[in-house]
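Have a look at the structure below, then the notes.
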Protein chains: 2
Amino acid sequence: MNELSLCANSPTSPSPPASLAAEGVLRSLFRGWAYIEARFDILQPMNDGRPYDLDQTYNVADETGGMLSLRPDFTSLVAQEAATMGRGIIRPLRRSYCGTAFRKPDRAGDRRREIRQSGVELIGTSGPLADAEIVTLASEGLAALQLKDAQIHLGHVGFVHALLRSSNLTEEGKTTVCNLLARHDRTALAIVLTNQGVSRKTAVALGAVLDLVGSTDVLDQARRLTRDPDALRALEQLEELIALLSRSELPVPVIIDLTEVRDRSYYTGIRFEGFVPASGFPILRGGRYDELVQQFGKAEPAVGCAFEIDLIAPMVAEKGTADIKTILLRSPANRWTELMMQARALRAQGHRIALDVSSLPPDQLNAYRSAYGISRVLESESNEALDAKGDQR
Amino acid sequence: MNELSLCANSPTSPSPPASLAAEGVLRSLFRGWAYIEARFDILQPMNDGRPYDLDQTYNVADETGGMLSLRPDFTSLVAQEAATMGRGIIRPLRRSYCGTAFRKPDRAGDRRREIRQSGVELIGTSGPLADAEIVTLASEGLAALQLKDAQIHLGHVGFVHALLRSSNLTEEGKTTVCNLLARHDRTALAIVLTNQGVSRKTAVALGAVLDLVGSTDVLDQARRLTRDPDALRALEQLEELIALLSRSELPVPVIIDLTEVRDRSYYTGIRFEGFVPASGFPILRGGRYDELVQQFGKAEPAVGCAFEIDLIAPMVAEKGTADIKTILLRSPANRWTELMMQARALRAQGHRIALDVSSLPPDQLNAYRSAYGISRVLESESNEALDAKGDQR
């Protein structure tokens, strides 16, 4: 489970975890969009209004007998901050985060205990421009990570939620239907709708949602399924967003997808996920959640997204140590002063300098060089030391 | 407990946590010294050979009924990796880390549950050059963090350990004596030595250690206290290290201090801590620990140090949002294409661009500008947009 892995093609080299590189790319993107990074304690008061059940979280006793949970997500922490400590902060508030959340492995197949997420939340503003900002940023993130054939599936939960509202389904039944739609399980969906005695008209409409995946004509198809004003308003909002997005050449294609209705209790508006062919799970999730902040005391609109670093990291081009240009500086101990001066000067030029503290014998030197990507070996006596700008020797 | 704090001088602005800036400074230093960052799971098998007691760690049941501990440190994880997965990696191995460790608040006064540490480990090499590398790196770290009046207290546990070996103290008594020396508690030390019936000669020598703090003449004073060969060898090693360090103009002063003997069971050679006048606790700890890696199956020498980010962050110059130059880009929704193109071009030049997605009215615009350090407001119609390199308007 440690990310500390040996470099695949060279069992003699250590390599930095790919997750670090992926997070670095996203951090820099978030900064460019003026998001300010937040940091939260990992140990949080147990079940403090957060949208997770106690059997999903890891819980520990604190030293006073109280209970703590390992934070199960970041969005609810940002929402809590916005509603409490951050009340006086002028809106819109742009917050990013980068870290580990914890959830007990679920039966659906996600066996991870620790989930690395990097994401953004835009709090205090509704409307298509805010939605477009988040989808555009998400798309630029997937592009910056250089993920092959990535695409975004974009929907609006309001359409399906409106169809469900006019049905006679229980709350549990509605959640089940949302999950089956998201999984595209046509057979199970038909069985559930029949068993729960859903009216033929609604059942047909819900079943037809499975085909509402594609380009803008999907919106016209959807309009023919219902006259529910909430459902139609959802389509209008989605159409307005799509119109904005289509005017700015997103670097990753966006597919309209009205089955984007997972996490029914959480999202309230647009909803999207990012996929690549290689991954069975979404590598990006986002959407509008206008009711979460209210749970912490203050109603306000919010939209955000999170990148699933654990799924993304293995796909980020494994560069190993190959492109880390390091210079190995050697000298006898009696030339320590010169060695230190050279090392400082070279580091100030941006080089990575490994000191040969163990005075490697010649037969080990080559193995060391190739294991650590040493582009150059410099003896501190050498006059060339301070012009060491090349990478070959 | 959240680091997500409001900016001290402006309750309307969010500010990034100072710990991020401190970690960024150290990460870049470690990289320059050719350390490769490692990343470890937070949830680790309980008590897996690590040097912490179960009542010091937070422990949780996993989903199979096994027990996990929140990692109590990083050094033992690096040591474990080196001895197991990293056996084939060519030495010396340079590893860095940056993250959170977890320990139950202790009675000695440290109330933190979560401890942010950034550090380095140099594994597989002994001798003064390796020790000098770590002390020099530590000193450059304190300097790079721009901590005022920082200094390093440097000793060698071998001296006191040798004096203790020739005493009749129990293991527990030896640990107590080390802690009292580290705390400079002369009175309690005298009482313990008397009560435990330590010979007059050893008691005098141990008491005299409290005065072995200062410049190189401390080493001569120390030599007069004992003829124990292990104690004298420790002084020799320390002297050799000091000689190296004195030849490279460390940016932070080093004080010789033979009371540097905290954590008796852990360190085996040189031992140092970093202090600033403002902090009651060491902000940096390090030393040689040649016996830890062996606990995981393979004996090899190791030396390292860790920076205490939580103690350092509040001292790192609070820059708030003042030096984050952000441009607020505005446009009517019908100019979205131009807005996106301008935003991309400006971001590519390194600017942070906030989009005015909520179309702030003029009376809120100024408050927004000052809260978020907006150096410039650009209307997307404006021709000046793409030359926006200045920071004033």
Side-chain angles (χ1 to χ4, degrees), chain A residues 1-4 6 11-17 19-20 31-34 36-43 58-60 63 81 85-86 88-95 100 104-105 113-114 125 127 129-130 133 136 244 247-248 326 333 336-337 340 347 352-355 357-358 367-368 371, chain B residues 1-4 6 11-17 19-20 31-34 36-43 58-60 63 81 85-86 88-95 100 104-105 113-114 125 128-130 133 136 244 247-248 326 333 336-337 340 347 352-355 357-358 367-368 371:
Chain A
M1 292 281 282
N2 283 337
E3 257 199 83
L4 236 188
L6 307 182
T12 56
S13 318
S15 59
S19 61
L20 264 176
R31 224 182 284 129
W33 282 80
I36 296 174
E37 188 161 332
R39 208 163 230 192
F40 301 94
D41 281 354
I42 288 172
L43 292 165
Y58 288 102
N59 311 308
V60 295
E63 54 292 346
E81 182 234 4
M85 295 156 70
I89 294 180
I90 291 171
R91 303 303 199 247
L93 173 62
R94 287 181 174 85
R95 278 294 199 191
T100 303
K104 289 202 170 146
R113 294 169 178 147
E114 305 190 10
T125 176
L129 293 181
E133 166 160 332
T136 304
L244 278 177
R247 282 161 49 200
S248 61
T326 301
W336 182 257
T337 310
M340 285 291 111
R347 283 188 192 113
R352 301 192 186 187
I353 306 299
L355 302 179
V357 288
S358 48
Y368 191 85
Chain B
M1 292 282 282
N2 284 336
E3 257 199 84
L4 234 188
L6 307 181
T12 55
S13 317
S15 59
S19 61
L20 265 175
R31 223 182 284 129
W33 282 79
I36 296 174
E37 188 161 332
R39 209 163 230 192
F40 301 94
D41 281 354
I42 288 171
L43 292 165
Y58 288 101
N59 311 308
V60 295
E63 55 292 348
E81 181 234 3
M85 295 156 70
I89 294 181
I90 290 172
R91 302 303 198 246
L93 173 61
R94 287 182 174 84
R95 277 294 199 191
T100 302
K104 289 200 171 150
R113 294 169 177 147
E114 306 191 11
T125 176
L129 292 180
E133 166 160 332
T136 304
L244 278 177
R247 282 160 50 201
S248 61
T326 301
W336 182 256
T337 308
M340 284 292 109
R347 284 189 192 110
R352 300 192 186 186
I353 306 298
L355 302 179
V357 288
S358 47
Y368 191 85

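The chains referred to below are lettered A, B, ... by the order of the sequence lines, with proteins before strands, and numbering in each begins at 1. No experiment lies behind these values; they were computed from the predicted model shown.
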Part of B:Thr100 within contact of chain A (heavy atom distance under 4.5 Å): side chain

- request: Hey, could you give me the CG/CZ distance between B:Leu43 and A:Arg113, rounded to the nearest 0.5 Å?
  value: 6.5 Å

- request: Any chance you could lay out the side-chain hydrogen bond (donor to acceptor under 3.5 Å, both in side chains) test for B:Arg91 and A:Ser358, step after step, and finish with the verdict?
  value: CA-CA 9 Å; B:Arg91 302 303 198 246; A:Ser358 48; over 6 Å; no

- prompt: Hey, is the main chain of A:Ile42 close enough, under 3.5 Å, to the side chain of B:Glu114 for a donor-acceptor pair?
  reply: yes

Heavy-atom pair of closest approach, residues B:Ile36 and A:Pro16: CG2-N, 3.5 Å

query: So which of A:Gly127, A:Ala34, A:Gly32 has the largest heavy-atom pair count under 4.5 angstrom toward chain B?
result: A:Gly32

message: For the interface with chain B, which of A:Leu93, A:Leu244, A:Thr125, A:Val60 has the highest count of heavy-atom pairs at distances below 4.5 Å?
response: A:Leu244

query: With chain A, which of B:Met340, B:Lys104, B:Arg347 has the greatest number of heavy-atom pairs at distances under 4.5 Å?
result: B:Arg347

task: Determine yes or no for a side-chain-to-main-chain donor-acceptor pair under 3.5 angstrom, with B:Glu133 supplying the side chain and A:Val357 the backbone.
output: no

Nearest atoms (heavy-atom pairs only) where A:Ser248 meets B:Trp336: OG-NE1, 3.6 Å

